[in-house]
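We use all heavy atoms of the structure for the numbers below, so side chains are in, but hydrogens, waters and symmetry mates are not.
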Amino acid sequence: MNGPAASRRMQTGEPLWRHFAMAGLIAALLSPLAFFQPFALIEARVFDILSTIAPPRPPAYGVEVVAIDEPSFSEIGQRWPWPRDLHAQLVERLRAAGAKAIGFDIIFAEPSTEEADKRLAAALGPDVVLAADDVTTKLDHGVQTTRVNPIDPFLDAGAVPGVASVDPDGDVYLRRMPAQPDSFAAEILRLAGKPVRPVPEGALIQYFGPARTYPTVSYYQALDPEEFLQPGRFKDKIVLVGLSLKAATSANAGTPDAFPTAYTLTTGSLTAGVEVQATIVDNLLHNLFVVPVSRLAVLALIVGAACLAATMSIYGVSWRTGFAALFVVIFFIAGSWLVLRMERVWLPPVLPVATALAVFGTRFGLDYARERQMRQAVSEAFSRYISPDLVAQLAHDPNALRLGGERRNLSILFCDVRGFTSLSEKLKDEPERLTSLINRLLDPLSEAVLAEGGTIDKYMGDCVMAFWNAPLPSPHHPRRAVRAATRMMEAVAVLNAELRREEGEDAPVFAIGVGINTGDCVVGNVGSRWRYDYSVLGDTVNLASRLESLSKEYKVSLILGPATAEAVREDYVLIELDRIAVRGRATESAIYTVVAPASHNQDPAVAELTRLHSQILACMRDGRRDEALSLAVRCQSLHPSLAGYYGKLMRKIEQMQG
């Protein structure tokens with residue numbers, strides 16, 4: 001496939017549209033999570049982390065915190081709640097110190113003693129904000145919100161109520177800006193003469209640091225600023241008063257008016273409510289709060305992430321895909337942080353990153369499954385040519401299969417069916433039966449090769465070519481090749497017996513001739529760029545083929561080349577058949593056949609045969625024709641399977657007489 005058509009398909013052969021359809025399906029499956037509230041808490045935690053990395057700082061903190069803390073309890077020596085005339089004294093001292101606006105993050109919803117309430121009311125004025133609270137109650141018929149204001153004498157004195165209630169998320173972390181237009185922070189800014197911008201729905205608080213980040217003084221110090229504080233500490237400042245106790249202020253244990261914030265993840269401590277209010281004041285004053293994008297924008301990010309990951313994995317998964325996945329993760333997280341810092345907008349990266357990783361993971365899974373399927377198919381196909389054990393080794397270590405051509409010492413086997421041409425003529429009108437018979441024969445012959453760890457090179461009609469020591473090393477490969485040949489001859493005998501039982505005396509009788517040679521060959525891919533085979537080339541192969549054809553001439557089933565015979569001499573009883581001219585050599589080379597396994601060496605008939613055969617060859621070389629002929633007659637009777645060979649040898653000896 002060339003040109004545009006090829007560009008529309010992936011390297012794996014899969015249509016391009018299917019790849020992007022897979023990415024779109026993943027995006028569609030993950031998109032509902034954008035509306036799943038528990039998943040929003042994961043996004044919120046990521047916001048906590050990113051919002052604390054190089055957070056923005058206001059030009060100057062606009063709030064001073066007066067903390068009702070442990071040192072103040074120690075100095076004042078009274079239990080909580082403190083008498084309200086003490087708060088009245090604090091208001092007067094702060095006003096005298098130049099405070100522009102004073103806020104009490106304390107709800108005075110119940111009267112105390114009449115004298116103390118009058119004293120505080122007299123000290124209050126239009127420069128003081130008192131905390132109010134909105135209490136939400138779930139009823140059977142709906143939700144009821146009740147406003148809890150300071151007592152009327154304080155409001156009549158000019159103090160302004162500000163709603164100090166906050167709305168923590170499901171994990172109890174405080175992230176949301178107050179939505180009420182009359183919030184505590186908004187009212188304190190109005191009293192200070194500062195503009196108050198409306199807060200978008202869902203806006204998030206930008207924290208500037210952990211607990212005690214804001215300038216803080218103890219309550220007892222603010223009661224006597226001339227003694228404990230530097231001059232002008234409260235001059236033209238907004239001052240917030242509230243509880244700030246360290247006792248039990250941890251992420252695992254609560255305390256009144258303290259909340260987990262973004263910095264709780266790293267510090268493990270809670271932030272006092274009065275400091276949270278100070279943070280909200282600066283968020284409003286300097287427009288530092290964060291606006292989250294809409295859910296529609298999140299869905300667009302999910303689709304974009306799926307398309308980006310699909311594009312990066314369009315050619316399948318490789319080691320580079322890991323870097324691509326890392327790049328996508330960093331891209332979305334770093335991009336989210338940059339937008340957060342530069343534009344004060346929150347683009348949650350969790351779902352886009354999860355979508356991209358899901359696309360990469362799915363692509364990896366599909367490629368892995370396809371590779372497993374292809375490997376299994378290749379293994380099944382390869383197992384028809386080499387033994388399953390070798391297939392398993394190649395699957396475990398593919399580098400062991402070095403394609404492209406290399407020089408190796410191999411043992412080559414050629415096996416041919418005797419009389420196949422006559423059988424073909426006889427069954428020319430029954431091609432199906434002929435095919436069935438040859439397949440039935442080739443099956444045990446192939447099994448014999450594979451059982452000895454050989455590689456089947458090819459089938460050439462009724463001929464089988466196999467080799468050993470490639471693609472994987474095979475120690476003692478000449479020995480294994482000869483064992484395979486003996487297995488083949490045994491298998492043919494078994495098949496002939498089966499056919500006689502099935503078809504009687506008219507059954508075809510098979511015989512084979514095998515030639516084995518050992519030597520250096522070139523093994524690898526042989527062919528063209530359109531089609532090639534894993535095969536062997538070299539004179540060793542040619543000699544093995546010649547030995548197989550000579551087996552018919554010498555009337556034996558197996559002929560071994562000189563190198564093969566030398567390698568198996570300790571395992572088998574061999575006799576030299578003849579000496580033949582070999583291409584590339586000036587001298588003739590001996591060829592051999594197997595008489596019996598080495599275990600039969602002490603058999604009297606085998607021992608006498610080998611002794612007499614050596615004498616025959618010596619007599620022939622010395623020209624003692626009569627003696628050689630009588631010895632050949634004797635050997636013919638000792639080993640009936642070699643009767644044909646000795647008959648040929650006797651004719652050769654007789655020709656010497658002539």
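- Among residues two or more places apart in sequence or in another chain, the side-chain contact (heavy atoms from CB on, under 4.5 Å) test is passed with Asn439 by Thr435.
- Counting heavy atoms from C-beta on, the side chains of Ser474 and Glu452 never come closer than 4.5 Å.
- Val523 has its side chain within reach of Glu406: a pair of non-hydrogen atoms, C-beta onward, lies under 4.5 Å apart.
- In this structure, CG on Asn283 lies 7.0 Å from OG1 on Thr279, to the nearest 0.5 angstrom.
- A donor and an acceptor atom, one from each side chain of Asp457 and Ser535, are located under 3.5 Å apart.
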Step by step, would you call Val281 with Phe184 a side-chain contact (heavy atoms from CB on, under 4.5 Å)? CA-CA 9 Å; Val281 168; Phe184 184 83; 5.9 Å; no
Ile238 and Leu189: side-chain contact (heavy atoms from CB on, under 4.5 Å), yes or no, with the steps? CA-CA 8 Å; Ile238 296 173; Leu189 284 174; 4.0 Å; yes
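- The minimum heavy-atom distance linking Leu299 with Ala34 is given by the pair CD2-CB, 4.2 Å.
- Ser183 contributes no side-chain N or O that, together with a main-chain N or O of Ala179, makes up a donor-acceptor pair within less than 3.5 Å.
- The heavy-atom pair separating Gly162 from Glu187 by the smallest distance is CA-CG, 4.0 Å.
- Here Glu43 pairs with Arg295 in a salt bridge; the nearest charged N to carboxylate O distance falls below 4.0 Å.
- No more than 12 heavy-atom neighbours from other residues, nucleotides or ligands sit within 6.0 angstrom of CZ on Phe364.
- Between Leu410 and Thr540, every side-chain heavy-atom pair lies at or beyond the 4.5 Å cut-off.
- Judged by distance alone, the side chain of Ser294 and the main-chain N or O of Ala297 form a donor-acceptor pair under 3.5 Å.
- Within 6.0 Å of atom CD1 in Ile53, more than 12 heavy atoms from other residues, nucleotides or ligands are found, so the atom counts as buried in its surroundings.
- Remark: side-chain polar atoms of Glu275 are paired, donor with acceptor, to backbone N or O of Thr213 under 3.5 angstrom.
- To the nearest 0.5 angstrom, Thr455 atom OG1 is 9.5 Å from Asn469 atom CG.
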Test side-chain contact (heavy atoms from CB on, under 4.5 Å) on Met177 and Val290; report intermediate values, then the result. CA-CA 9 Å; Met177 290 285 291; Val290 178; over 6 Å; no
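- Taking the side chain as every heavy atom from C-beta outward, Pro58 and Leu285 never approach each other to under 4.5 Å.
- The two residues Pro473 and Arg408 have their closest heavy-atom pair at N-NH1, 4.0 Å.
- One distance of note links CG of Asp443 with CD1 of Ile438; it measures 11.5 Å at 0.5 Å rounding.
- Checked by atom type and distance alone, the side chain of Thr216 never pairs as donor or acceptor with a backbone atom of Arg212 at under 3.5 Å.
- Take Ala325 and apply the side-chain contact (heavy atoms from CB on, under 4.5 Å) test, not counting sequence neighbours, and it matches Leu357, Phe360.
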Show, in sequence, the C-alpha distance, side-chain angles and deciding distance for Arg45 and Asp171, and conclude whether the side-chain contact (heavy atoms from CB on, under 4.5 Å) test is met. CA-CA 9 Å; Arg45 286 300 178 96; Asp171 57 355; 3.0 Å; yes
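- Trp346 places a side-chain heavy atom less than 4.5 Å from the side chain of Val46.
- A donor-acceptor contact shorter than 3.5 Å is absent between the side chain of Ser436 and the backbone of Glu432.
- Atom CG of residue Leu441 and atom OG of residue Ser446 lie 9.0 Å apart, to the nearest 0.5 angstrom.
- Between Phe20 and Ile314, the closest side-chain pair of non-hydrogen atoms falls below 4.5 Å.
- Under the 3.5 Å distance criterion, the side-chain polar atoms of Ser336 are left unmatched by any main-chain donor or acceptor of Phe332.
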Side-chain donor-acceptor distances from residues 200-209 under 3.5 Å, at least two apart:
residue : atom : partner : partner atom : Å
Gln206  : OE1  : Arg344  : NH2          : 3.2
Gln206  : NE2  : Ser51   : O            : 3.1
Tyr207  : OH   : Leu174  : O            : 2.9

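- Across Ile42, Leu50, Val293, a single residue satisfies side-chain contact (heavy atoms from CB on, under 4.5 Å) together with Pro348, and that is Val293.
- Ion pairing between Asp169 and Arg175 holds under the 4.0 Å rule for side-chain N and carboxylate O.
- Between Asp134 and Ser165, the shortest heavy-atom distance links the atoms N-OG, 3.6 Å.
- Arg147 contributes atom CZ, which lies 9.0 Å from atom CG of Asp133 (distance to the nearest 0.5 angstrom).
- With rounding to the nearest 0.5 Å, the separation of CG in Leu347 from CZ in Phe47 is 12.0 Å.
- Across Val63 and Pro215, no two heavy atoms sit closer than the pair O-CD, 3.9 Å.
- Between Val129 and Gln277 there is no side-chain heavy-atom pair separated by less than 4.5 Å.
- Ring orientation note: the planes of Tyr214 and Tyr61 are tilted relative to one another, at an angle of 30° to 60°.
- Looking at heavy atoms from C-beta onward, Arg363 lies in side-chain contact with His19 at the 4.5 angstrom threshold.
- Pro161 approaches Ala132 most closely through the heavy-atom pair CB-CB, 4.3 Å.
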